[in-house]
Protein chains: 2
Amino acid sequence: MDNTALLQKYSLKATPQRLEIVNVLSTHGHMNVNELYSTLLIKFPSISLATIYKNINIMLEKGFLLEVKLSEQKNVFELVKDNHSHVACMKCSDVIDIDLNIESIVNEVKKRSNYKLESNSLIFNGVCPRCSALK
Amino acid sequence: MDNTALLQKYSLKATPQRLEIVNVLSTHGHMNVNELYSTLLIKFPSISLATIYKNINIMLEKGFLLEVKLSEQKNVFELVKDNHSHVACMKCSDVIDIDLNIESIVNEVKKRSNYKLESNSLIFNGVCPRCSALK
DNA sequence: CTAAATGCAAAGCATTTGCAAATAT
DNA sequence: ATATTTGCAAATGCTTTGCATTTAG
C-alpha cells in the first residue's frame, strides 16, 4: 500500500505535506516534532508548525501514528507497525525498534495485577555501539 | 531514614514544603504536578506552583525523584526505589508498581542491540479490576 | 463545487526565570 | 550570618485555535 492509499484508507486527503510526513517517517523511523518540521521545511519552505501539529494529531486519532514517550529526550512519532519495543541512546538520541517476545511477562503482569492489559510501552535506555566506541 | 535526613543527604534544606512533598509522595506513590500542588495547598495555602516545579526539578537532579512518562495520562513522579515497572489504568489513571524479573529480557535486548543498557521504563496500560467491575 | 487542509497570527497552557523577602542551618 | 528557598509576577516555550485562502477529490 502506498502512502496515498494509506491516507485515503483513513479518510484523509493526500496533500503533499501529509504525503511527505508519512514518507519521511517511513524512512527515518522516529522523529520528534521539530525534526519533522525542519525536514518538511526543505520541501515546503512555507509550511507552518501548526500544519505539522494538526497532522500529527489527526494521524494519532486515526490510529496509524504512534507517539513514543522517551525518558531522556523529546517524544518521537512513528508509523504504527507490529507491537515492538524501543532502545534509546542517551548520547545521540538514536532510537531503534526491537521485537521481543514478552508474552510471559505480559501474562505475569496480568496475573499479578488483575488488570485487563491493552498495550504496553517498553523502553530501554543506554548508549549505542557507535557512541560507546567514540569515547 | 526520615524525610529530613533524606533531604539533608542530598544537601537540600529541609523546608516544610519539601518535607511535605516527600511525605505526600511516600504515602501516595505516584502524583502528577497538579495533584502535588493541590495537595500541598491544603497545608500551605500560599505555596506557589513555581515552588513545586523548583523542588521537583532539584529532586530529579539529585536523583531521588523519578519521573514516569505514561502513554495515556500526565507524567507522574515517585520517590526512587528498587527498579520496578508500572501498570496504569486507562480509566481512572491509577498507577501501580510491579516487580518483574526482566533479567532475561534485558539480556536479550543487550545482545540484539549491542547497546550498553543503563535503565528501562516498562509500562503496561489497561483497565484496573475496580474499573472493570464498574462497567 | 464543496468539504477539508494549509498558513498565519493570536490565544492558551505548562514550565521556567528573576528578584525581593523570608528562612534553614 | 549567609546561602538557600520561597512566592510572586513576568517571561518563555510548546501546542492549539480561529479564520481567510487554497486545494483535493
Side-chain angles (χ1 to χ4, degrees), chain A residues 2-24 31-62 64-77 93, chain B residues 2-24 31-62 64-77 93:
Chain A
D2 69 0
N3 296 337
T4 301
L6 174 71
L7 290 169
Q8 284 168 346
K9 177 178 166 194
Y10 290 98
S11 322
L12 295 179
K13 288 187 178 174
T15 66
Q17 294 88 338
R18 273 181 191 157
L19 284 168
E20 182 70 359
I21 290 176
V22 176
N23 239 338
V24 157
M31 299 179 87
N32 65 37
V33 173
N34 287 324
E35 288 166 349
L36 264 177
Y37 180 49
S38 355
T39 306
L40 275 271
L41 266 181
I42 298 169
K43 205 161 185 174
F44 306 97
S46 67
I47 198 173
S48 159
L49 242 188
T51 299
I52 303 286
Y53 278 109
K54 282 171 186 165
N55 282 318
I56 284 176
N57 286 332
I58 203 163
M59 292 176 186
L60 288 172
E61 276 169 38
K62 297 290 186 176
F64 65 95
L65 189 68
L66 187 72
E67 180 167 13
V68 184
K69 300 196 169 186
L70 300 162
S71 318
E72 322 269 345
Q73 53 185 281
K74 287 183 185 164
N75 300 344
V76 296
F77 299 88
S93 297
Chain B
D2 69 1
N3 295 337
T4 302
L6 173 71
L7 290 169
Q8 284 169 345
K9 177 178 165 193
Y10 290 98
S11 320
L12 294 180
K13 287 187 178 177
T15 66
Q17 293 89 335
R18 274 180 189 157
L19 285 167
E20 183 68 0
I21 290 176
V22 176
N23 239 339
V24 158
M31 300 180 87
N32 65 35
V33 173
N34 287 325
E35 287 166 349
L36 262 178
Y37 180 50
S38 354
T39 306
L40 275 270
L41 266 180
I42 299 170
K43 204 160 183 172
F44 305 98
S46 68
I47 197 172
S48 159
L49 244 187
T51 299
I52 303 286
Y53 278 109
K54 282 171 186 167
N55 281 318
I56 285 176
N57 286 333
I58 202 163
M59 292 175 187
L60 288 171
E61 275 169 39
K62 297 291 186 174
F64 65 96
L65 188 68
L66 187 72
E67 182 166 13
V68 184
K69 300 196 169 186
L70 301 162
S71 318
E72 322 269 345
Q73 54 186 278
K74 287 182 184 164
N75 299 343
V76 295
F77 298 88
S93 296

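Proteins get letters first, then strands, A, B, ... in listed order; numbering begins at 1 in each. These values consider heavy atoms only, across backbone and side chains, with no hydrogens, waters or symmetry-generated copies.
- Side-chain contact between Ile52(A) and Gln17(A): absent, with no pair of heavy atoms (C-beta onward) separated by less than 4.5 Å.
- Distance Ile21(B) CD1 to dT5(D) C1': 12 Å, rounded to the nearest Å.
- Here Asn75(A) pairs with Glu67(A) under the side-chain hydrogen bond (donor to acceptor under 3.5 Å, both in side chains) rule; sequence neighbours left out.
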Please write out the pairs of protein N or O atoms and N or O atoms of nucleotides 2-4 of chain D separated by less than 3.5 Å, giving the distance to one decimal.
| from | atom 1 | to | atom 2 | distance (Å) |
| --- | --- | --- | --- | --- |
| dA3(D) | N3 | Lys13(B) | NZ | 3.3 |
| dT4(D) | O4' | Lys13(B) | NZ | 3.2 |

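- For Lys9(B), the side-chain hydrogen bond (donor to acceptor under 3.5 Å, both in side chains) test picks out no residue, with sequence neighbours left out.
- Going from atom CG of Asn55(B) over to atom P of dT17(C) covers 15 Å, rounded to whole Å.
- Rounded to the nearest 0.5 angstrom, Leu19(B) CG and Thr15(B) OG1 are separated by 6.5 Å.
- Interatomic distance, CD1 of Ile21(A) versus CG of Asn3(A), reported as 11.5 Å (0.5 Å rounding).
- Rounded to a whole Å, the CD atom of Glu20(B) is 17 Å from the C1' atom of dT5(D).
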Anything under 3.5 Å between a donor and an acceptor, one on a side chain of residues 31-39 of chain A, the other on a protein residue two or more places apart or in another chain? List them.
| from | atom 1 | to | atom 2 | distance (Å) |
| --- | --- | --- | --- | --- |
| Asn32(A) | OD1 | Asn34(A) | N | 3.0 |
| Asn32(A) | OD1 | Glu35(A) | N | 2.8 |
| Glu35(A) | OE1 | Asn32(A) | N | 2.9 |
| Ser38(A) | OG | Asn34(A) | O | 2.5 |
| Thr39(A) | OG1 | Glu35(A) | O | 2.7 |

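- Between Gln8(B) atom CD and dT25(C) atom C1' there is a gap of 9 Å when expressed in whole angstrom units.
- Sorted by first and then second residue, the salt bridge (charged side-chain N to carboxylate O under 4.0 Å, His left out) pairs with a member in residues 10-19 of chain A form an empty list; sequence neighbours excluded.
- Here Thr51(B) pairs with Ile47(B), Ser48(B), Asn55(B) under the side-chain contact (heavy atoms from CB on, under 4.5 Å) rule; sequence neighbours left out.
- In this structure, CD1 of Ile56(B) is placed 15 Å from C1' of dT6(D), rounded to the nearest angstrom.
- Using a 4.0 Å cut-off, no side-chain N or O of Thr15(A) falls inside it from OP1 or OP2 of dA4(C).
- Using a 4.0 Å heavy-atom criterion, one finds that Thr51(B) contacts the bases of the nucleic acid, with or without backbone contacts as well.
- Applying the ring-ring contact (aromatic ring centres under 6.0 Å, His included) rule to Tyr10(A) yields the partners Phe64(A); only residues at least two apart in sequence or on another chain are considered.
- Contacts of Lys43(B) classified as salt bridge (Lys or Arg N to Asp or Glu O under 4.0 Å), with partners at least two apart in sequence or in another chain: Glu20(B).
- Less than 4.0 Å separates DNA chain C from at least one heavy atom of each of the following residues of residues 33-47 of chain A: Ser46(A), Ile47(A).
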Check: protein-nucleotides 16-22 of chain D nitrogen or oxygen pairs below 3.5 Å:
| from | atom 1 | to | atom 2 | distance (Å) |
| --- | --- | --- | --- | --- |
| dT16(D) | OP2 | Asn57(A) | ND2 | 2.8 |
| dG18(D) | O6 | Lys54(A) | NZ | 3.0 |

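- Shown here are the side-chain hydrogen bond (donor to acceptor under 3.5 Å, both in side chains) partners of Thr4(A), two or more places apart in sequence or in another chain: there are none.
- What separates CD1 of Ile52(A) from C1' of dC14(D) is a distance of 14 Å, to the nearest Å.
- If Lys74(B) and Ala14(B) are placed on DNA chain C by their nearest nucleotide, the residue sitting closer to the 5' end is Lys74(B).
- Regarding contacts with the backbone of dT23(C), every side-chain N or O of Gln17(B) stays at 4.0 angstrom or more from both OP1 and OP2.
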